[in-house]
Amino acid sequence: MRRSAGGRAVLAGALLAGGLLAGCAGGGVGGPRAATSGMSGAAAAGSADVGFVRRVAPFPVLDAEGVPYPHPFLGGFNLPRPQLVDIDGDGDADLFLQEVSGSVMLFENVGGGRFEWRTDRYQELEVGEWYRFVDFDRDGDPDLLAEEPFSYVRYYRNDGSPTEARFTLAADSLRDADGVPLFSDRQNILNATDIDCDGRMDLFIGRLVGTISRYEESGVTPDGLPVFRHLTDRFEDIEIVAQFGSLHGANTMAWGDVDGDGDEDLFWGDYFEAGLLLIENQGTCRSPSLRGTPRPFPLDAPLRTSGYMAPTVGDVDGDGAPDVLAGVLGGAYNPNTTTVENLHFLRQGADGSFRDETGRFVPTVDVGSESVPVLVDLDGDGDLDLLVGNKIEPDDPRNGKLYRFVNEGSRRAPVFREAGVSEVGGGYHFVPAFGDLDGDGDLDAVLGTWQDELRYLRNDGEGGAVELTPVEGPFLTLTRGRNATPALGDVDGDGDLDLLVGESSGTVNFYRNDGTPTAPDFTLVSDEFAGVDVGRRSFPVLEDLDRDGDLDLLVGSESGGVFLYRNLGTSTVPDFVADPGFHVPHFGLAAPAFGDLDGDGDRDVLLGGVGGGLWYLERVGR
């Protein structure tokens with residue numbers, strides 16, 4: 001490999017012009033950032049009316065030990081904020097989780113310690129940065145507090161029943177007795193309980209200085225809204241200070257009688273605290289006392305994480321004793337280390353002690369953060385396998401990885417199993433694009449990284465298998481931007497593979513192949529191809545979405561989802577025009593990959609995102 005002047009990359013070798021390029025000319029490359037042969041491609045040309053439906057468990061996905069993920073395509077977790085509450089009145093605690101701002105997920109407790117996903121947007125409730133279910137009006141069903149942006153307390157009243165909740169926005173903010181809206185820093189998750197068993201709800205708001213403000217319900221307005229009287233800004237003289245200095249930080253609170261003595265104990269998570277703190281109530285229900293020393297929890301084997309933990313108390317395993325679930329939001333101790341292990345189940349044993357059973361209470365495909373999927377036949381058996389790159393490894397601050405999921409099923413009935421990693425050298429943000437770049441009939445790869453350069457990975461596998469060997473030196477260097485994300489495809493219809501590269505600025509670079517299928521020569525035509533600008537972090541994919549025989553351009557982005565630029569020209573003279581009506585659901589940092597995973601003749605989508613997991617979007621329509 002040598003790079004010529006003027007931003008050109010010249011590769012000696014042969015590039016087959018057979019089935020590989022025929023797949024491109026037929027309208028769709030054989031996978032995201034891939035030009036492949038022998039794979040299920042797009043069906044015959046049809047209507048441009050295309051939609052996608054999200055499926056959480058469309059087919060089996062197994063972990064490295066062969067254990068199936070119950071919900072493989074949840075998208076991963078980086079900031080799980082849990083709460084246990086019986087939302088359906090069946091006598092057990094269901095699980096709510098907030099991973100992203102504005103919405104909350106529901107997992108129904110179906111017994112035996114099993115929780116089944118029901119929705120990512122429970123009743124379409126807007127919850128800001130936090131939420132708390134509390135029976136404020138004491139009618140036997142939970143109401144809801146949530147953040148009113150920015151840093152006020154929104155109140156949803158449950159106008160349904162204990163078995164069928166129905167939430168109505170009752171107030172944009174709760175107010176004190178003087179009519180002043182209650183303020184709670186949006187990074188602090190407040191809580192409420194009747195701490196002194198007097199029949200009046202108490203509201204507790206953690207402050208950034210490590211103290212707790214207490215408000216007590218003092219009546220209701222004519223329209224039924226609770227009014228709160230401010231009692232103190234130093235509840236029980238509690239002041240949480242980090243162990244290594246006088247630092248206070250963002251915090252969370254949860255109440256629960258974990259020792260079974262009939263009064264409410266307090267859990268505290270703090271930005272500057274590596275674990276969870278317990279302040280035991282040493283008084284009674286009528287006369288609480290929380291003036292003891294905060295102690296790391298569990299008491300006999302304290303949990304240590306990256307900090308800023310969000311706890312909830314409830315019976316998780318159905319044995320009648322309260323357990324603790326605790327999400328890790330990532331505080332002062334390197335949040336990257338907890339991008340996978342971040343939802344801890346602390347089970348209470350028969351002797352009253354607690355043990356950390358798992359840091360992945362809701363198991364799902366999760367490689368850390370900023371996942372990017374690629375569908376390609378890794379083992380040469382004719383079906384699609386899966387590679388998933390991440391930003392950085394939780395246990396290796398110097399490198400990311402490319403995780404392999406081999407399809408042990410078939411084209412029509414895939415079964416993916418995690419099977420190690422593909423070694424591609426050091427670095428971060430790995431994004432490969434596949435094509436035969438040395439003319440030996442197998443799939444090599446161009447690899448994007450966090451830098452401004454692309455690498456060349458030669459395929460030294462046999463029998464159609466992909467075994468990548470890094471070739472020394474950069475394959476190509478961008479003129480600007482980083483986080484290179486390549487895509488290979490025949491953009492100009494001349495029978496060879498061209499190269500598109502997304503990058504951090506949100507534009508797309510176009511490198512035309514001025515060589516031949518057997519000796520490619522990539523020349524920079526534009527670093528603002530087709531006027532594409534998706535804001536930040538572009539992820540280009542070439543795909544004949546409307547099945548009209550030419551390649552359309554789809555571009556993922558950091559915050560705007562996936563953008564479609566339809567080719568209104570031809571396969572040889574493309575004209576890419578933005579389609580403002582196109583929409584694909586996403587979960588942040590949208591990185592799409594196309595492939596026919598259900599064997600129905602059209603191409604579905606795997607979507608990576610900021611949570612480190614994947615979404616599966618089944619293609620529907622004509």
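Positions are given from 1, in the same order as the sequence printed here. All figures in this text were calculated on a predicted structure; none of them were measured in a lab.
Ion pairing of R132 with E147 is absent here, as no side-chain N (NZ or NE/NH1/NH2) approaches a carboxylate O to less than 4.0 Å. With respect to R166 and E164, no salt bridge is recorded, no charged nitrogen being found less than 4.0 Å from a carboxylate O. Salt-bridge formation is detected for the pair D120/R54: a Lys NZ or Arg NE/NH1/NH2 atom is positioned less than 4.0 Å from an Asp or Glu carboxylate oxygen. Ion pairing between R537 and E370 holds under the 4.0 Å rule for side-chain N and carboxylate O. A salt bridge is absent between R138 and D135; no separation between the charged side-chain nitrogens and carboxylate oxygens falls under 4.0 Å.
Under the 6.0 Å cut-off for aromatic ring centres, F228 and F136 qualify, their centroids lying closer than that. Ring centroids of F405 and F416 are separated by 6.0 Å or more, keeping the two rings apart. Separation of the F430 and Y403 ring centroids does not fall under the 6.0 Å cut-off.
The salt bridge (charged side-chain N to carboxylate O under 4.0 Å, His left out) test applied to D198 returns R200, not counting sequence neighbours. D88 is linked by a side-chain contact (heavy atoms from CB on, under 4.5 Å) to D86, D90, D92, D94, E108, counting only residues two or more places apart in sequence or in another chain.
The backbone N or O of G249 lies less than 3.5 Å from a partner atom in the side chain of N251, making a donor-acceptor pair. Between the side chain of D202 and the backbone N or O of I195 there is at least one donor-acceptor pair closer than 3.5 Å. At distances below 3.5 Å, not a single donor-acceptor pair connects side-chain atoms of E558 with backbone N or O atoms of R536. Side chain of S422 to main chain of L402: no donor-acceptor pair is present (N/O by atom type, distance under 3.5 Å, no hydrogens or angles). For T252 (side chain) and M309 (main-chain N/O), a donor-acceptor pair under 3.5 Å exists by modelled atom type. The closest donor-acceptor contact from the side chain of T232 to the backbone of R234 lies under 3.5 Å. Side-chain atoms of Q348 come within 3.5 Å of backbone N or O of P322 as a donor-acceptor pair. Under a 3.5 Å cut-off, the side chain of N78 and the backbone N or O of V610 do form a donor-acceptor pair. In this structure, the side chain of Y215 does not engage the main chain of V227 through any donor-acceptor pair within 3.5 Å.
Of all non-hydrogen atoms in S371 and V388, the two that sit nearest each other are CB-CG1, 3.9 Å. Considering every non-hydrogen atom in both F272 and A332, the closest pair reads CD2-CB, 3.7 Å. Closest approach of T338 to V328, counting heavy atoms only: OG1-CG1, 3.7 Å. Considering every non-hydrogen atom in both S173 and Y152, the closest pair reads OG-CB, 3.7 Å. Closest approach of P373 to A591, counting heavy atoms only: CD-O, 3.4 Å.
Considering only heavy atoms from C-beta on, Y131 stays 4.5 Å or farther from L125 through its side chain. For the pair L614/L386, a side-chain contact is recorded, criterion being any heavy-atom separation below 4.5 Å from C-beta on. Within the 4.5 Å cutoff, the side chain of E126 has heavy atoms near those of the R121 side chain.
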Quiz prompt | Worked verdict on V127 versus L144 for side chain to side chain contact (heavy atoms under 4.5 Å, CB included) | solution = CA-CA 9 Å; V127 297; L144 177 64; 4.3 Å; yes
Exercise. Would you sort out whether D233 and S213 count as a side chain to side chain donor-acceptor pair (under 3.5 Å), showing the intermediate values?
Key: CA-CA 4 Å; D233 285 325; S213 296; 2.6 Å; yes
Quiz item: Under the salt bridge (charged side-chain N to carboxylate O under 4.0 Å, His left out) criterion, do R214 and D196 qualify, and how do the steps go?
Solution: CA-CA 12 Å; R214 178 187 176 187; D196 51 8; 3.1 Å; yes
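Note: F96 and F133 have tilted aromatic rings, judged against thresholds of 30 and 60 degrees for the angle between ring planes. Relative orientation of the F73 and F59 rings is perpendicular, given thresholds of 30° and 60° on the angle between their planes.
In the model, T364 has no side-chain atom that pairs as donor or acceptor with a side-chain atom of D366 under 3.5 Å.
For the salt bridge (charged side-chain N to carboxylate O under 4.0 Å, His left out) with R347, the qualifying choice from D317, D323, D356, D319 is D317, the only one to do so.
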